[in-house]
Amino acid sequence: MPDFAPLLAHRKATEATPIAALFAGDPSRFAEFSVQLDDMLLDYSKTAIDAEARSRLLALAEAAGVEARRDAMFAGEKINETEGRAVLHTALRNLSGAPVTVDGQDVMPQVLDTLARMESFATGVRDGSITAPSGKTFTDVVNIGIGGSDLGPVMATLALAPYHDGPEVHYVSNVDGAHIHDVLEPLDPATTLVIVASKTFTTIETMTNARTAQKWLADAGLDSGGHFAALSSATEKTADFGIDPSRVFGFEDWVGGRYSLWGPIGLPIMIAIGAENFRAFLDGAHAMDTHFREAPLIANMPVMLALVGVWHSNICGYDTRAVLPYDQRLLRLPAYLQQLDMESNGKRVALDGSALAANSGPIVWGEPGTNGQHAFYQLIHQGTRVVPCEFLVAAEGHESDLAHQHDLLVSNCFAQSEALMVGRPEADTPHRVFPGNRPSTTLIYRQLDPFTLGRIIALYEHRVFVEGVIWGINSFDQWGVELGKELATAMLPLVQGGDASAKDGSTAGLLTVLQGLRD
Ligand code: F6P
């Protein structure tokens, strides 16, 4: 952990100055405390970070070796030390022609070959040249996956709705049979393509749902083979499942699950929006990669967003961060970021295994505005806890005939960050007082097109990376999900009536009640 003491002392000395007052002393504060990348701007002037805080935060990044670590990541070094793997999701969006090497080997020919295979498959499904065995065109695609094999594609598919011109794409993730039941029920098996998305091809939820889909097809008298495709690193397992190798799209272990939507796991997105738009999505992410690699730290959007995060978490002591897209189609961005951020940085030990001396990743949550305003903003404005808010908003919507609604949306977004900062200190009753001085950032961009979505996701990926480097943790493993999986496997026979006497009192009690309710 870095030495936070100087920043903590600075915070103590300046805490009494409200954020709003920082503007009075510095007319150029907005320009000074924002980062621009083409038609996208990150405003962090509505935080308590002043010039000294920022230079100390930048010093933290330098002391932690953020630049060297970043360069090591892009160079294919095995920075995921606990799993002995490189971290190269950035290679999946590298259409620049530049090589990327792992263990001395250029991985780009393989990456580009897989992309070309995905494009040919997606295009065939979209234009009807690849059909179901009956010769019928696929009208619907059901992607079965969970975690990183679901959240990114779900989020991006929703985000890019104006670009959909392919078959309808649906997602099944939960092992709860209600999920697959409700998704499959309205569909015609004869015209449905099922994609099984699982890096490991062992995840119990996904394999269970895949077998249910196989049975759904078989019950309709269809040969499931012609209705299945797979996205996985475990090609021998996809073969065992009976999926034709020509419909299997593989990727390497240097693509982490939650960073995988740029490659084969993005196939359902590509089927929905087409290969050209998918390339624009990759290009956007690559543009953010280039910015992250080249911009000086103070003008580097992911770095500054990370430093704002560290400031709020470790210096101000705020435990959560709310992601508030004023962009309805970013409905699932908070859920996507929960995995990206909390699975990456929800760690309690440093790379060397020693216990962390300060907090690592905060709790991430959120909902789109304006809906959230009518739900939890009461607490954000007047509750006892301070919640740093991260607003996102587009200058323009896609619905030009509804531009007046977009103006209302933007007004609400700007009004919320203003209200949080300025508050309303005087009122006839304490119940109407807004204390203000509550921090927020705003990311504003021209329009939520594929290129911009790519930039936004890559921005958050690199933000999580920089924070992880500063905290000295490995952001690329996820051992914390294992115990629950193991115990669930052992629990199944007990749920089905086995002897629960060796379990703790509560678990044994719940198992007894379960049997009672079922009798
Ligand atoms: O939740 C744990 C996890 O391993 C995630 O990291 C991953 O994205 C998800 O499960 C799904 O894994 P797979 O793609 O192997 O099915």
Side-chain angles (χ1 to χ4, degrees), residues 79-89 92 114 118 142-157 171-176 179-180 194-214 228-241 243 248-269 332-348 360-361 363-364 457 460-461 464-465 468 473-489:
I79 63 163
N80 175 357
E81 291 172 18
T82 57
E83 295 181 313
R85 293 177 183 168
V87 175
L88 274 180
H89 47 280
L92 300 176
T114 303
M118 286 167 63
V142 175
N143 187 86
I144 298 177
I146 198 164
S149 299
D150 170 73
L151 287 162
V154 170
M155 178 271 293
T157 303
Y171 290 91
V172 173
S173 52
N174 204 319
V175 77
D176 184 343
H179 198 179
I180 191 156
V194 177
I195 298 177
V196 186
S198 175
K199 181 177 169 183
T200 56
F201 229 69
T202 57
T203 305
I204 189 88
E205 293 93 329
T206 300
M207 300 324 297
T208 305
N209 278 321
R211 280 188 287 272
T212 300
Q214 218 171 24
F228 265 83
L231 320 173
S232 182
S233 303
T235 40
E236 70 301 336
K237 293 201 173 75
T238 60
D240 291 349
F241 193 86
I243 300 179
V248 175
F249 302 89
F251 53 104
E252 300 298 324
D253 69 0
W254 39 258
V255 180
R258 55 193 171 274
Y259 300 87
S260 62
L261 81 172
W262 313 105
I265 294 294
L267 183 68
I269 312 170
R332 295 293 284 165
L333 182 71
Y336 169 77
L337 291 181
Q338 282 179 328
Q339 188 200 19
L340 178 65
D341 204 326
M342 294 162 79
E343 196 165 272
S344 297
N345 285 344
K347 307 286 164 65
R348 52 177 285 285
S360 58
I363 298 154
V364 180
I457 301 170
Y460 276 98
E461 284 178 351
V464 165
F465 169 79
I473 58 182
N474 181 3
S475 300
F476 299 103
D477 61 13
Q478 58 285 317
W479 303 106
V481 302
E482 296 303 326
L483 180 60
K485 285 187 195 171
E486 279 165 33
L487 294 184
T489 305

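Residues: numbered from 1 along the sequence shown. Start at 1 and go down the list; that is how both ligands and their atoms are numbered.
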Are the side chain of Gln339 and the backbone N or O of Gly148 linked by a donor-acceptor pair below 3.5 Å?
-> yes
Measure the distances from the heavy atoms of Glu205 to every atom of ligand 1 and state whether one is below 4.0 angstrom.
-> no
Validation row: Thr114, Phe251 side chains within 4.5 angstrom (heavy atoms) | no
In terms of atom number and element, which parts of ligand 1 are under 4.0 angstrom from non-hydrogen atoms of Ile146?
-> 9 (C), 11 (C)
What residue and heavy atom of the protein are closest to atom 6 (O) of ligand 1, and at what distance?
-> Glu343 OE2, 2.6 Å
The atoms of ligand 1 lying under 4.0 Å from a heavy atom of Gly148, numbered in the order shown, are 7 (C), 8 (O)
Among Ile265, Leu151, Ile204, Val481, the residue with a heavy atom nearest to atom 2 (C) of ligand 1 is Val481
Counting heavy atoms under 4.0 Å, the part of Lys199 that contacts ligand 1 is both
Which ligand 1 atoms does Gly147 reach within 4.0 Å, using its non-hydrogen atoms?
-> 8 (O)
Does any N/O atom on Thr200 come nearer than 3.5 Å to any N/O atom on ligand 1?
-> yes
Numbered atoms of ligand 1 (with element) below 4.0 Å of Thr203, judged on heavy atoms = 12 (O), 13 (P), 15 (O), 16 (O)
Tell me which protein heavy atom sits closest to atom 10 (O) of ligand 1, plus the residue, atom name and distance to 0.1 Å.
-> Lys485 NZ, 4.3 Å
Exercise: identify the closest heavy-atom pair between Lys199 and Ser232 = O-OG, 3.1 Å
Are Thr238 and Val196 side-chain neighbours, meaning at least one heavy-atom pair lies under 4.5 Å?
-> no
